[in-house]
**Q** 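Take this structure, written in structure tokens, and hold onto it; I'll ask about it next.
To find a chain, count down the sequence lines: A is the first, B the second, and so on, and within it residues start at 1.
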Number of protein chains: 2
Amino acid sequence: MKKNIPTIRDVAAAAGVSTATISKFINGTQRFSPAVEARIAEVIGQMGYRSNPLAQSMITGKTKTVGLSVLDVTNPHFTSIVKGANRVAQAHGYTVLLVDTEENPGREQALLEALSRRVDGLIIFSRMPDSELEWLAGLDKPLVFFGRLPRMTLPTVASDDHRGAYMMTRHLVTLGHKRFAYMGFSKSRRDEERMGGVKECLAAHGLELTVYDAAAPSAQEGERLCSEMMLGAGHPDALVCYNDLMALGFMKAAQSLGFRIPADISVAGVDNIVYGNYTSPPLTTVDLHSERMGVAAMEKLLDTIAGRPTEPFTLIEPQLILRGSTANRN
Amino acid sequence: MKKNIPTIRDVAAAAGVSTATISKFINGTQRFSPAVEARIAEVIGQMGYRSNPLAQSMITGKTKTVGLSVLDVTNPHFTSIVKGANRVAQAHGYTVLLVDTEENPGREQALLEALSRRVDGLIIFSRMPDSELEWLAGLDKPLVFFGRLPRMTLPTVASDDHRGAYMMTRHLVTLGHKRFAYMGFSKSRRDEERMGGVKECLAAHGLELTVYDAAAPSAQEGERLCSEMMLGAGHPDALVCYNDLMALGFMKAAQSLGFRIPADISVAGVDNIVYGNYTSPPLTTVDLHSERMGVAAMEKLLDTIAGRPTEPFTLIEPQLILRGSTANRN
DNA sequence: CTGAAAGCGCTAACAG
DNA sequence: CTGTTAGCGCTTTCAG
């Protein structure tokens, strides 16, 4: 099974030319006499030679590869981003190397460090504290970050979470809801923005907000927090969740506790993951345009790599998606 | 922004030792006098030196990195596999580089080719025709393949799809269903096995099967095929889908056409994706133990890389998950 | 204990 | 058109 992988030297020898010639031929850097080209092509063909990208990268400093690091490949929001990024990268001849960091946040730095040296640029979705963000710049690679940064030192792509949450809340207020709850995930950088949007809107209408905090942005946590929220004295009549996953979990648990959605409580999520379509009732949500975020981030990265000028900050506008999980109380 | 990344030579010079010493120190290959070690550590620290993994890999031939190629990161079945594989890899100090091939099957070979030279081994989920499988072996890398192979030339991990489908069908027959339909996805290697399981069971009970074929293993296709299946003369009373995604789509479409599930038709999927829990009714399915498959594949790969002996073939047993989308007709 | 030197596989001037 | 000659940044004998 140990086929000796041929090197450029083997090929050169077999074809009776120099390694430089092979190199130039492979990369199309230069043309040669038909006789030589034919010979080279033939030898390469029968030896099954492929240039070693590592050696190639080491000298050119280019890998035609970009890294994309996400928090959880299991979350549809992130996989949509991946889809978008992938499409753009492929169109430009780049390969995307995906890394899932959530399994072990402690290893994130090591992971990114390792990845950064193997790619031409990085797109990062991270929960890293701002202090460590400095460190990212030290990687000395073109880099695009997801989310709003306090001091915008890195090129970023972000959704307008505050606005999305505000819009959703505004809608629910208009529908006549009075007792609001927000199921958040405070470990996320964006939780604050979303909760802020909800609060700001409620404040403007003189309404209160009860906040619940999940340990993970998952359906399971949504289920877990449900009984706490619904079985106290006077449950809320409108719930905005940090994301759709949590909303899905909540709805299931609420329904199995005997509550009707949206009759007893309106539920809304954020992300517009595709599975929100398949629940009963289907989930009202805020579309953050995940895929478009992936596209924008990859375009920005590729521009940076190519030395093209780019906007340092792209904000993607949210959009309300109204479905059956919210009702009119007027 | 252009920090000159320090090389081993810079460090050696600054520390007043040779590059060889630095190299050995970094890799812990050898110990040195406390004085020297302290000096080196200090210099490395303040220069922020990190060895270049490319150069390192080029010479050692090891990357401490493995590639995992999946058909669609958007499909929960695959992301579960990723989770499992990731966990094992990290536990062994390996980094997983994930690649999504479905966007462009035509580019799959190029993608794998590129990836293979950058990693110590590969785990591949592919729709590649058997003829091209040969080519994979030619990559000359430790490699684990998902699915049953005709001529088992590669180490593989597979679910027992035939058995799972048989079990599910058996259960539906026992429940008293008479008119069976199978919604397949013939482009997949596993479709045949699943359909075979269904057919074999039905044949044993003298029952017929109507087959529908989807263009993609997606919820959207499930929705699309629904009207065709349900609005003809005499619709089926039991449907087994190639996967849960298709089942989800079908259920939604059927319900919006006014059918009740499972009263009018029992629906079952395969994969046991988490979202099957959040539909109404929740989806009956066959758990293929995706995550366990990822674990098994990664263990097998790591064993191969380390030169440890391994079973060439691992079969993961399926398990029936009974939920509300199937009913008793007796 | 420490260093000199020979490359890994490939590209990039620079000659011819 | 084609070849020579330096390395890229690092590891690894092999001496000292």
Side-chain angles (χ1 to χ4, degrees), chain A residues 2-41 43-44 47-65 113-114 116-120 140-141, chain B residues 2-41 43-44 47-65 113-114 116-120 140-141:
Chain A
K2 178 89 225 120
K3 291 183 178 66
N4 281 325
I5 293 183
T7 76
I8 198 172
R9 266 189 274 274
D10 301 329
V11 178
V17 296
S18 77
T19 59
T21 302
I22 304 295
S23 172
K24 289 168 193 154
F25 177 78
I26 297 265
N27 302 310
T29 312
Q30 202 179 104
R31 305 287 327 225
F32 299 90
S33 63
V36 176
E37 297 211 337
R39 177 108 189 83
I40 296 180
V43 172
I44 288 183
M47 296 186 80
Y49 169 74
R50 316 264 116 148
S51 70
N52 180 334
L54 258 54
Q56 216 163 235
S57 300
M58 202 173 80
I59 170 160
T60 62
K62 258 82 197 62
T63 63
K64 275 293 183 181
T65 282
E113 169 94 46
S116 76
R117 300 298 219 106
R118 301 172 198 280
V119 297
D120 293 345
D140 194 40
K141 280 280 176 184
Chain B
K2 178 94 223 113
K3 291 186 177 61
N4 282 327
I5 294 183
T7 76
I8 198 173
R9 265 188 276 274
D10 301 329
V11 178
V17 297
S18 78
T19 60
T21 302
I22 304 295
S23 171
K24 288 168 194 154
F25 177 77
I26 298 265
N27 302 310
T29 311
Q30 202 179 105
R31 304 292 322 234
F32 299 89
S33 61
V36 177
E37 296 208 339
R39 177 107 191 82
I40 297 180
V43 173
I44 288 183
M47 297 186 80
Y49 170 75
R50 318 264 116 147
S51 69
N52 180 334
L54 258 54
Q56 215 164 235
S57 300
M58 199 173 80
I59 169 159
T60 62
K62 258 82 196 62
T63 65
K64 274 297 184 178
T65 280
E113 170 94 46
S116 77
R117 297 301 216 104
R118 300 172 197 279
V119 298
D120 292 344
D140 194 40
K141 280 281 173 180

**Q** Once you round it to whole Å, what is the distance between C1' of D/dG9 and CZ of A/Arg118?
**A** 14 Å
**Q** Take atom CZ of A/Arg50 and atom P of C/dG9, then tell me their distance rounded to the nearest Å.
**A** 17 Å
**Q** Under 4.0 Å between any heavy atoms, over every strand shown, what does B/Ser51 touch: base, sugar-phosphate, or nothing? Just pick one.
**A** sugar-phosphate
**Q** Counting heavy atoms from C-beta on, name the nucleotide in C/dG9, D/dC1, D/dT11 closest to the side chain of A/Phe32.
**A** D/dC1
**Q** Would you say C/dC8 has OP1 or OP2 under 4.0 Å from some side-chain N or O of A/Arg9?
**A** yes
**Q** Drop me the distance from B/Met47's CE to B/Thr7's OG1, to the nearest 0.5 angstrom.
**A** 8.0 Å
**Q** Could you check which of D/dC14, C/dC10, C/dA5 has an atom nearest any side-chain atom of A/Ile59?
**A** C/dC10
**Q** From the set C/dG3, D/dT11, C/dC1, return the single nucleotide nearest to any side-chain atom of B/Ser18.
**A** C/dG3
**Q** Need to verify one output field. Residue with the more 5' nearest nucleotide on DNA chain C, B/Met58 or B/Arg31?
**A** B/Arg31
**Q** Would you kindly give the CD1-to-P distance between B/Ile5 and D/dG9, to the nearest whole Å?
**A** 9 Å
**Q** Write down the distance between CD1 (B/Ile22) and P (D/dC10), rounded to a whole number of angstrom.
**A** 11 Å
**Q** What is the distance, rounded to the nearest whole Å, between atom CZ of A/Arg117 and atom C1' of D/dG9?
**A** 10 Å
**Q** Can you identify which nucleotide, out of C/dT11, D/dG3, D/dC10, has its nearest atom closest to the A/Ile8 side chain?
**A** C/dT11
**Q** Below 4.0 angstrom from OP1 or OP2 of D/dC8, is there any side-chain N or O of B/Asn52?
**A** no
**Q** Indicate, with a heavy-atom threshold strictly under 4.0 Å, whether A/Phe25 touches base, sugar-phosphate, or nothing.
**A** nothing
**Q** Figure out the CG/P separation between B/Leu54 and D/dC10, and round it to whole Å.
**A** 10 Å
**Q** I'd like to check A/Val43 versus A/Arg39 (side-chain heavy atoms, cut-off strictly below 4.5 Å). Are they in contact?
**A** yes
**Q** Could you state the atom-to-atom distance from NZ of A/Lys24 to C1' of C/dG9 in whole Å?
**A** 16 Å
**Q** Would you say that B/Phe25 contacts B/Val17 through its side chain, given a criterion of any heavy-atom pair below 4.5 Å between the two side chains?
**A** no
**Q** For C/dG9 and A/Gln56 - does any side-chain N or O of the residue sit under 4.0 Å from the phosphate oxygens OP1/OP2?
**A** no
**Q** Given D/dG9, is OP1 or OP2 found less than 4.0 Å from the side-chain N or O atoms of B/Thr7?
**A** no
**Q** Just N and O in the side chain of B/Thr19: are any of them under 4.0 Å from OP1 or OP2 of D/dC10?
**A** no
**Q** How many whole angstroms separate atom CG of B/Asp140 from atom P of C/dG9?
**A** 13 Å
**Q** Measure the spacing between OG1 of B/Thr63 and CZ of A/Arg118 and express it to the nearest 0.5 Å.
**A** 5.5 Å
**Q** Working to the nearest 0.5 angstrom, can you tell me the gap between A/Arg50 CZ and B/Arg117 CZ?
**A** 9.0 Å
